[in-house]
**Q** 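Structure provided below as structure tokens; questions to follow.
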Amino acid sequence: MKVFLAIASLGLALTGSALAQSYMVRGNGTAYTVDQKGFVYNMNLFVLPYMVTTRGGQFFTTEKREIVSVDENGFFYRLDPKEFEAPRKVQFSGYNYFAGSDGTVWTFDRQGLIYKGEPNWDYRKPLLSGGTYFVVSGGRNKPGRLIVATDRGQLVETVVPNLDPAQIKDGGNNWFQTEDGRVFTLSRDGFVYDKTSLLSRTKLALKGGVYFGQGAKLYTVAEDGMVSERGALSQYGTVTKTGHNYFLTKEGKVYTIDMQGAVYERTSALDFSNVTLTTF
């Protein structure tokens, strides 16, 4: 059973109806939010990168064991540390979840609300952890078990035909590639789609939360799992920083990806120099 935890506002709201989806932090502690429409905002939140001990696209924890989340309306939220603290040791984490050493998984929904699961022996030592998913052992001579954290904060075990989750070798938030080169995508509600017929099995040239480079091309993944080709990687410049739904280039440009997989250049008056902390 999951337990809802009350959280208190830490930051300032965005104007309008922007849907906050990820963030980046400069070396001086200035945090920017990148929303699901691909817009970038200064959230008036200050957090020095060294203070962040666990980072996910929708949350981070601090050295003081505080938990801070981001909701779909652009608020940063902090759980009152007097009422609850993050585990002393985070065993593994992803885009919208983290887990303690006893296998208790904490998840975040689109509103930034946090949910606490029960201790689970099977989750103590995962085979791998990705953005919105992780894999645990299925037992002797059995395939791995794929666990997906949905946008409602639910953990869903998903069985995919002809896929042993233990063979996943790389990925982002809503996509992954297996050892034999097959690419699969995930929807926000936990469905998994095999994209083998659409994509080659070549080595990844670039990877982000909702995008990847394969060969010389850029591909994006929408929140429903649909893949779109977005042209040659070379047209965007030399990528120096990657994140959930954004990437920065050596040429000083900033590109973002919206919830439908469209790519936008968002270079603006905001100072993107010395971006130190990014997250899938």
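Residue numbers count from 1 along this sequence. Quantities reported herein were computed from a predicted structural model and do not represent experimental measurements. The figures here come from the full heavy-atom set of this structure, side chains too, leaving out hydrogens, waters and symmetry mates.
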**Q** Running the 4.5 Å side-chain criterion over Ile, Leu, Val, Met, Phe, Trp and Tyr, what cluster does Ile168 land in, apart from itself?
**A**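 The other cluster members (ILVMFWY side chains, heavy atoms under 4.5 Å, direct or chained) are Leu127, Leu128, Tyr133, Val135, Leu146, Val148, Val160, Leu163, Phe176, Phe184, Leu186, Val192.
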**Q** Nearest 0.5 angstrom please: Leu233 CG to Phe212 CZ, how far?
**A**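 Separation between the atoms: 10.5 Å.
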**Q** Would you please test Asn174 and Glu223 for side chain to side chain contact (heavy atoms under 4.5 Å, CB included) and show each step?
**A** CA-CA 8 Å; Asn174 60 353; Glu223 66 174 7; 5.6 Å; no
**Q** Are Met51 and Val68 connected into the same hydrophobic cluster when the rule is that any two of I, L, V, M, F, W, Y join if their side-chain heavy atoms are below 4.5 Å apart?
**A**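 Yes, Val68 connects to Met51 through the hydrophobic network.
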**Q** When rounded to the nearest 0.5 angstrom, what is the spacing between CZ in Arg55 and OG1 in Thr279?
**A** 6.0 Å
**Q** Kindly determine whether Thr238 and Thr249 satisfy side-chain hydrogen bond (donor to acceptor under 3.5 Å, both in side chains), including the steps that lead there.
**A** CA-CA 5 Å; Thr238 304; Thr249 72; over 6 Å; no
**Q** Between Arg230 and Gln235, what is the shortest heavy-atom contact and its length?
**A** O-NE2, 3.2 Å
**Q** Find out if a path of hydrophobic residues (ILVMFWY) with successive side-chain heavy-atom gaps under 4.5 Å connects Tyr219 to Val183.
**A** yes
**Q** If I compare all heavy atoms of Ser129 with all of Ser93, which pair ends up nearest, and what's the gap?
**A**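 Between these two residues, the closest heavy atoms are OG-O, 3.7 Å.
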**Q** Kindly compute the distance separating CD (Glu63) from OG1 (Thr54), expressed to the nearest 0.5 Å.
**A**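 So the gap between those two atoms works out to 12.0 Å.
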**Q** Minimum heavy-atom separation for Gly131 and Tyr97, please, with both atom names.
**A** O-CE2, 3.3 Å
**Q** Assess whether a salt bridge exists between Arg152 and Asp189, defined as any Lys/Arg side-chain N lying under 4.0 Å from an Asp/Glu carboxylate O.
**A** no
**Q** Does the separation of the ring centres of Tyr211 and Phe247 fall below 6.0 angstrom?
**A**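 Under 6.0 Å, so yes.
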**Q** Does Arg26 make a cation-pi contact with Phe272, if we ask for NZ or CZ under 6.0 Å from the ring centre and within 45° of the axis?
**A** no
**Q** Closer than 4.0 angstrom, basic N to acidic O: yes or no for Glu179 and Lys169?
**A** no
**Q** Please say whether more than 12 non-hydrogen atoms of neighbouring residues, nucleotides or ligands are located less than 6.0 Å from CZ in Phe191.
**A** no
**Q** According to side-chain contact (heavy atoms from CB on, under 4.5 Å), who are the partners of Thr104, at least two apart in sequence or on a separate chain?
**A**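 Thr104: side-chain contact (heavy atoms from CB on, under 4.5 Å) contacts with Asp102, Trp106, Lys116, Pro119.
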**Q** Determine the sole option in Phe59, Phe60, Tyr32 for which the ring-ring contact (aromatic ring centres under 6.0 Å, His included) test with Tyr23 is passed.
**A**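 Of the listed options, the one satisfying the test is Phe60.
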**Q** What do you reckon, is CG of Asp180 surrounded by more than 12 foreign heavy atoms closer than 6.0 Å?
**A**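 It does: Asp180 CG has more than 12 such atoms within range.
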**Q** Within the 3.5 Å criterion, strictly below it, is a donor on Thr61 or Thr53 matched to an acceptor on the partner's side chain?
**A**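 Yes, Thr53 and Thr61 have a side-chain donor paired with an acceptor closer than 3.5 Å.
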**Q** Please state whether the rings of Tyr123 and Phe134 are parallel, tilted or perpendicular, taking 30° and 60° as the class boundaries.
**A**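 Geometry flag for Phe134 against Tyr123: perpendicular rings.
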**Q** Okay, side chain of Thr185, backbone of Gly225: is any donor-acceptor separation there less than 3.5 Å?
**A**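 Checking the backbone N and O of Gly225 against the side chain of Thr185, a donor-acceptor pair under 3.5 Å is found.
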**Q** Indicate yes or no for a side-chain donor-acceptor contact from Trp175 to the backbone of Gly208 under 3.5 Å, with no hydrogens or angles considered.
**A** yes
**Q** When you check the gap from the basic side-chain N to the acidic O, do Lys207 and Asp170 get nearer than 4.0 Å?
**A**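 Looking at Asp170 together with Lys207, the answer is yes, because their closest N to O distance falls below 4.0 Å.
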**Q** Just checking, is any N or O donor in the side chain of Asn245 or Ser22 under 3.5 Å from an acceptor N or O on the other one?
**A**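 Their side chains do contain a donor-acceptor pair, which is all the 3.5 Å distance test asks for.
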**Q** Hey, is Asp258 close enough to Lys37 for a salt bridge, meaning N to O under 4.0 Å?
**A** no
**Q** Can you sort out the partners of Lys64 under side-chain contact (heavy atoms from CB on, under 4.5 Å), two or more places apart, ordered by chain and number?
**A**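 Counting only residues at least two positions away or on another chain, Lys64 forms a side-chain contact (heavy atoms from CB on, under 4.5 Å) with Thr62, Glu66.
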